[in-house]
There are 2 protein chains.
Amino acid sequence: MVTANIRDVAALAKVSVGTVSNVLNKSKKVSPATESRVTDAIEALGFVRNDAARQLRVGQSRTVGMMVLDVRNPFFTDVARGVEETLAAHARSLILGNSAEDAQRELDYLDLFEEQRVSGLLITPVGDVAPRLERLRKRGSPVVLVDRYEGAANFSSVSADDRRGGALALEHLIGIGRVRTAFVGGPQAIMQVRHRLEGARTALEAAGGGPLRVVEMPTMSAEAGRTAGEQLLDLPIGDRPDAIFAANDLLALGVLQALTHSGLSVPDDIALIGYDDIYFAASSAIPLSSIRQPAQAMGRAAAELLIAEIEDGPPAHYEHVLFQPELVIRDSTRRNNAATRAE
Amino acid sequence: MVTANIRDVAALAKVSVGTVSNVLNKSKKVSPATESRVTDAIEALGFVRNDAARQLRVGQSRTVGMMVLDVRNPFFTDVARGVEETLAAHARSLILGNSAEDAQRELDYLDLFEEQRVSGLLITPVGDVAPRLERLRKRGSPVVLVDRYEGAANFSSVSADDRRGGALALEHLIGIGRVRTAFVGGPQAIMQVRHRLEGARTALEAAGGGPLRVVEMPTMSAEAGRTAGEQLLDLPIGDRPDAIFAANDLLALGVLQALTHSGLSVPDDIALIGYDDIYFAASSAIPLSSIRQPAQAMGRAAAELLIAEIEDGPPAHYEHVLFQPELVIRDSTRRNNAATRAE
DNA sequence: GTACAGTGGTGAATCGTTCCAGACCGTACT
DNA sequence: AGTACGGTCTGGAACGATTCACCACTGTAC
């Protein structure tokens, strides 16, 4: 392997390795003349710093780990873009892990991040990983929770108000006159799911009741949504809901497929609203109403919190940034189905 | 920082550091008794190996770098999932970079990967990075090209037959009687775009001609697609195409929005076909015809090629796996618009 | 009684950086 | 002249794992 190291560079430039290191790290202690000799040598040898050695010496890497629930969900890739953008501006990079809502995979990635001594970690947890996160912090890797707050007063967090979002959805469904509502969600172990459901229940009770049928799917994919939709269609007509609130847009799109496939009209027979307002919600077969979350802004905020903690140490008190969700109405819950133009 | 190292473990277990290392690496030279003493000590101290030190000594990491054109495009996340799956089975992990079709970002990520001494690299290149890739290989990081083949006989590659795919699309449009076709693509610097266009032209000529209007957008996003669609709508009626082939589904969905927004009927006024068959193509406003590529399988194949080269060294001759695309017909090119049910 | 093989374990060298105490030099101040 | 000082640069000690030559011991064969 023809790998030039810093010593080779030093030899060619006729300086010490310390000086080369100073050039690499832009320390001000190098005269322009020697600096250019060094950079020439670097160029000539095709030298690229070995990050492992640097990390070993410094004790930490310049990469940040991020663990998301599902890379196939555009919401998370949008958050990740916000994160990446902010990190890049601070000369840091991102290594992205996908837990796929699986606690074991999550643990495997945490092992990886810990072995890599990432300089910080952004995570939307699946399992009960609080002790692991504490340990990571003890090791010097601050942790910021993304879209997960509850019971984590000792971590900074960025999230959106899921209870409010759930309430917005149900208020809207009630507002268009629906009375038999259903909630299609993922595992209740996932906090967002729980909160969105709670918000929905609260709104429902405030409006004077009505049943809320809850369908809990093992994952929050479009495939799961289709299954959930079929399940609801199997109900006796009288029990069949006239409005469905899905815990995310992927589920909602799956439900929509099941409904239209069975020949039902959305929203006339059943109204449907999702969550996240992913890009594809607006362009789906029946443009989908949804609860919008500012994904990229959340990513940026999370990255900024993390960088602050990496660079300045633990804050006096942990911060919890809460974004407000927003109702976006499209055809799938539009009362009057005459104007069927996508927004 | 309370970070136990291998020496602390050795001291607690009353063995040498070499023995601890043997336990960590599952070398067979350790008796069950000492092994359990060591694992107990590891447990007690919460020891986690420092990967930087390991890498430094071994000269290479166990992570693989992957560079994609656009993380927001579901096609690429599907490929990435296939890759990740295969890597995980070989106890390797993935660090994902997003060039966002930007040559500068691509170079930045290549720097990062090179500094990290990734054990291998999967890349869908944007700019002219052949020399960089050669250098990476010289450094001991094999490179496999994903979805990019041409002129790279000295790298293994996995791709789909883009010329064939382009031909399939145009043959289909001609088959449903369209005569004024347009191609909406990204920069011709991107090889897939060029090949899909070439395939389209070939098919068109074979069928006896007709014009093919080419719209070249700077990126291949849905936003760009919308702009392209508006551009085509500005044409004098006589010049307006009656069929559009978009170089990917994101573009196609954007075009679709522009068309339906202006009140035109798809496919009656203008037929539309995309490329990739991403999940959301089937559930879009007008279900979108597309050219399907086996994304996950491509990812798996690429990862396997790469792992083979990492573990066994350069192959006798580089392999080029070529997947065949497949035409998927949905409403956006359906001749008879009566049965408007999504498939 | 010696040679030999095999097993389980040791300890020091090594990987390529960063960091720091100090050397060296010329200039400014007392 | 002597001292102080800032600016450059040097050389060597870390960082924490892996690896490898070697050692100690046991049992077995001759």
Side-chain angles (χ1 to χ4, degrees), chain A residues 1-39 41-42 45-63 91 111-112 114-117 119 139-140, chain B residues 1-39 41-42 45-63 111-112 114-119 139-140:
Chain A
M1 234 56 65
V2 278
T3 318
N5 62 21
I6 200 174
R7 241 185 313 273
D8 301 330
V9 174
L12 183 59
K14 300 199 190 312
V15 295
S16 73
V17 291
T19 301
V20 177
S21 176
N22 283 339
V23 171
L24 288 175
N25 297 298
K26 311 226 189 312
S27 134
K28 294 282 162 252
K29 303 277 179 178
V30 182
S31 72
T34 38
E35 175 168 353
S36 77
R37 279 221 313 288
V38 170
T39 48
I42 288 175
L45 293 171
F47 165 81
V48 171
R49 172 168 48 200
N50 184 328
D51 196 52
R54 174 212 188 100
Q55 268 182 231
L56 174 58
R57 176 63 235 232
V58 173
Q60 237 193 22
S61 78
R62 288 198 67 78
T63 61
D111 285 346
L112 176 71
E114 209 166 343
E115 288 195 356
Q116 305 242 355
R117 303 287 191 270
S119 60
R139 273 222 167 67
Chain B
M1 236 51 70
V2 278
T3 316
N5 63 21
I6 200 173
R7 244 184 311 274
D8 302 330
V9 174
L12 183 59
K14 302 201 188 312
V15 296
S16 72
V17 291
T19 301
V20 177
S21 175
N22 283 338
V23 171
L24 288 174
N25 298 295
K26 309 224 191 317
S27 127
K28 293 284 161 249
K29 299 281 179 178
V30 182
S31 73
T34 39
E35 176 169 351
S36 76
R37 279 220 315 287
V38 171
T39 49
I42 289 176
L45 293 172
F47 164 81
V48 171
R49 171 170 46 202
N50 184 325
D51 197 51
R54 175 212 188 99
Q55 267 181 232
L56 174 58
R57 178 60 235 237
V58 173
Q60 235 192 21
S61 78
R62 289 197 65 78
T63 60
D111 285 347
L112 176 70
E114 208 165 345
E115 287 195 357
Q116 304 243 351
R117 305 287 194 267
V118 292
S119 59
R139 273 220 167 68

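For the side chain to side chain donor-acceptor pair (under 3.5 Å) test, no residue two or more places apart in sequence or in another chain qualifies with A:T39. In this structure, B:S36 has no side chain to side chain donor-acceptor pair (under 3.5 Å) partners at least two apart in sequence or on a different chain. Every residue meeting the side chain to side chain donor-acceptor pair (under 3.5 Å) condition with B:E114, not counting sequence neighbours, appears here in chain and number order: B:R132, B:R135, B:R139. Scanning for side chain to side chain contact (heavy atoms under 4.5 Å, CB included) contacts around B:R57 gives an empty result, with sequence neighbours left out. A:I42 meets the side chain to side chain contact (heavy atoms under 4.5 Å, CB included) test with A:V9, A:L24, A:V38, A:F47; sequence neighbours excluded.
The residue A:N25 sits close only to the backbone: its heavy atoms come under 4.0 Å of sugar-phosphate atoms, none of a base.
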Please tabulate, one pair per line, all N/O donor-acceptor pairs under 3.5 Å involving side-chain atoms of residues 49-56 of chain A, not counting sequence neighbours.
unit_1, atom_1, unit_2, atom_2, d
A:R49, NH1, A:N25, OD1, 3.2
A:N50, OD1, A:A52, N, 2.8
A:N50, OD1, A:A53, N, 3.4
A:Q55, NE2, A:Q116, O, 3.4

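Applying the side chain to side chain donor-acceptor pair (under 3.5 Å) test to pairs two or more places apart or on separate chains, those with a residue in residues 8-19 of chain A are A:S16-A:T19.
A pairwise comparison of heavy atoms in A:A13 and A:A41 identifies CB-CB, 3.9 Å as the closest pair. Contact detail for A:G59 and A:R117: the closest heavy-atom pair is O-CB, 4.4 Å.
Whole-Å rounding puts the B:L24 CG to D:dA17 P distance at 8 Å.
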Which protein N or O atoms sit under 3.5 Å from an N or O of nucleotides 8-10 of chain D?
unit_1, atom_1, unit_2, atom_2, d
D:dC9, OP1, A:S31, OG, 3.1
D:dC9, OP1, A:T34, OG1, 3.1
D:dC9, OP2, A:S31, N, 2.9
D:dC9, OP2, A:T34, OG1, 2.9
D:dT10, OP2, A:S16, N, 2.7
D:dT10, OP2, A:S16, OG, 3.1
D:dT10, OP2, A:T19, OG1, 2.8

Grab the N/O contacts between the protein and nucleotides 14-16 of chain D below 3.5 Å, and write none if there aren't any.
unit_1, atom_1, unit_2, atom_2, d
D:dA14, N3, A:R57, NH1, 3.1
D:dG16, N2, B:A53, O, 3.4

Would you tabulate the nitrogen or oxygen pairs shorter than 3.5 Å linking the protein to nucleotides 22-28 of chain D?
none

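When the local axes at the two ends of the helix from C:dG1-D:dC30 to C:dT30-D:dA1 are compared, using 5 base pairs at each end, they differ in direction by 50° after rounding to 10°.
In the 5' to 3' direction, nucleotides of DNA chain C lying under 4.0 Å from heavy atoms of chain A begin and end at C:dG16 to C:dC19.
No side-chain heavy atom of A:V20 sits less than 4.5 Å from a side-chain heavy atom of A:R7.
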